[in-house]
Amino acid sequence: MSEAAFREAVHDAVLRWYAVAGRDLPWRHRDATPWGVLVSEVMAQQTPIARIIGPWQAWLARWPTPAALASASPADVILAWDRLGYPRRALGLHRAAKAMVEGHDGQVPSDPADLRALPGVGEYTTAAVSSFAFGNPLVVIDTNVRRVLTRIALGREQAAPSLTAAERALAQEWLPAEPDRANAWNVAAMELGALICTARAPRCEDCPVRDRCRWVAAGRPAYDGPVRKGQGYEGTDRQLRGRILALARAATAPLAPEVLEGLGEPERVARLAEQLCAEGLLVHSRAGYDLPR
DNA sequence: CATTCGTGGCA
DNA sequence: TTGCCAAGAAT
């Protein structure tokens with residue numbers, strides 16, 4: 001069997017699997033707008049899908065268009081983001097909404113270059129919105145797709161720590177030529193990685209391509225490559241920033257200095273609070289630190 | 001190219 | 001119990 005025929009056989013099996021096993025996520029509905037798709041993609045960056053469904057629905061109900069969000073205050077945006085994590089994403093979405101009002105007639109741009117220019121929109125999100133919202137079949141490469149292709153096509157457990165040119169070429173090679181099929185493959189490959197071909201404890205018994213997967217055929221050999229550095233969280237700046245912002249979200253008035261003292265060394269707390277101000281997540285007035293209301 | 005940037009659930 | 005990791009982007 002040629003490599004092209006191998007790919008096509010995998011496509012067929014995964015697409016058939018997706019048709020019956022794919023999740024009914026709200027941004028996949030026919031009435032979902034490009035704006036809804038964009039919001040879902042930004043929320044999903046490094047945050048589990050299960051945790052964003054509720055917030056996504058609330059967000060779209062409150063701000064159904066880029067113009068609606070552009071009119072909100074940064075504080076409302078940060079509060080609505082709640083605890084999805086990496087709150088700079090919320091500010092990025094807010095700035096992106098303003099940019100769409102200013103430069104794109106209040107619409108999510110369909111031109112990939114215009115999408116890519118929006119704050120918080122990188123290579124992945126550009127491709128995802130292009131494919132899922134506009135039917136423009138750019139190759140979508142996220143952590144799921146990387147893992148799926150690494151296992152099925154290369155027979156290895158994990159992809160390299162960072163996306164390589166070879167991986168991009170592989171994913172492009174694996175993208176079906178026919179546009180509709182390419183778009184369907186993009187979402188189906190991601191879904192397979194999310195539900196079956198998971199990082200830990202993959203459910204190979206339930207995999208539609210278990211009989212074709214080169215990793216399974218090789219006996220599921222363990223990852224043999226550069227050691228990945230764990231994220232680490234306890235005691236980090238990230239943790240403390242999160243605590244500062246959590247206090248600000250819960251407060252209805254500027255945070256008094258003594259409130260912040262309990263979080264750690266005053267110098268460090270002040271440094272991080274100032275950093276949060278520089279990023280637009282807080283403002284510093286005589287009364288103390290507060291959300292940018 | 002390596003780091004930084006939240007939060008929470010689960011093996 | 002705790003380390004791992006989840007639809008990345010920016011620097």
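This structure is a prediction, so every number in the text was calculated from the model and none was measured. Every chain is numbered from 1 and lettered A, B, ... according to where its sequence line falls, protein lines coming before strand lines.
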[X] side chain: which of [options] is closest?
X      : options              : value
A:R200 : C:dA7, C:dG3, B:dG6  : C:dG3
A:R83  : B:dT7, B:dG6, C:dC5  : B:dT7
A:A199 : C:dA6, B:dG6, B:dC10 : C:dA6
A:R147 : C:dG8, C:dA6, B:dT7  : C:dA6
A:Q275 : B:dG6, B:dC5, B:dG9  : B:dC5
A:S162 : B:dT7, B:dA2, C:dA7  : B:dA2

For a quick check of understanding: with a heavy-atom distance under 4.0 Å over all strands, which category does [X] fall into, base, sugar-phosphate or nothing?
X      : result
A:G85  : base
A:R249 : sugar-phosphate
A:V140 : nothing
A:T143 : sugar-phosphate
A:W27  : base
A:R116 : sugar-phosphate
A:S40  : nothing
A:P161 : nothing
A:L84  : base
A:Q158 : nothing
A:L25  : base

Parallel, tilted or perpendicular: ring planes of A:Y289 versus A:H284, cut at 30 and 60 degrees: parallel
5' precedence on DNA chain C between A:T198 and A:G122 (nearest-nucleotide basis): A:T198
Polar pair under 3.5 Å, donor/acceptor by atom type, side chain A:Q231, base C:dA6: yes
Polar pair under 3.5 Å, donor/acceptor by atom type, side chain A:R51, base B:dT7: yes
Distance, rounded to the nearest Å, where [X] contributes [atom1] and [N] contributes [atom2]:
X      : N     : atom1 : atom2 : result
A:R89  : C:dA6 : CZ    : P     : 14 Å
A:R88  : B:dT7 : CZ    : C1'   : 15 Å
A:L163 : C:dA7 : CG    : P     : 16 Å
A:R241 : B:dT7 : CZ    : C1'   : 14 Å
A:R238 : B:dT7 : CZ    : C1'   : 10 Å
A:I52  : B:dG6 : CD1   : P     : 18 Å
A:E191 : C:dA6 : CD    : P     : 14 Å
A:E123 : C:dG8 : CD    : C1'   : 10 Å

Under 4.0 angstrom between A:Q45 side-chain N/O and C:dG8 OP1 or OP2: no
Heavy-atom donor-acceptor pair, A:R212 side chain to A:V209 backbone, under 3.5 Å: no
Separation between CZ of A:R7 and CG of A:L175, rounded to the nearest 0.5 Å: 10.5 Å
From A:R151 atom CZ to A:Q158 atom CD, the distance as rounded to the nearest 0.5 Å: 7.5 Å
For A:V145, the option from A:L149, A:T143, A:V148 that meets side chain to side chain contact (heavy atoms under 4.5 Å, CB included): A:L149
Single-linkage hydrophobic cluster A:I53~A:L38, side-chain heavy atoms < 4.5 angstrom: yes
Closest-nucleotide ordering on DNA chain B, the 5'-leading residue of A:L245 and A:A201: A:L245
Separation between the [atom1] atoms of [N] and [M], rounded to whole Å:
N      : M     : atom1 : result
B:dA2  : C:dA7 : P     : 22 Å
C:dT11 : B:dG6 : P     : 14 Å
C:dA6  : B:dC1 : C1'   : 23 Å

Flag side-chain contact, heavy atom, 4.5 Å: A:W81 against A:L245: no
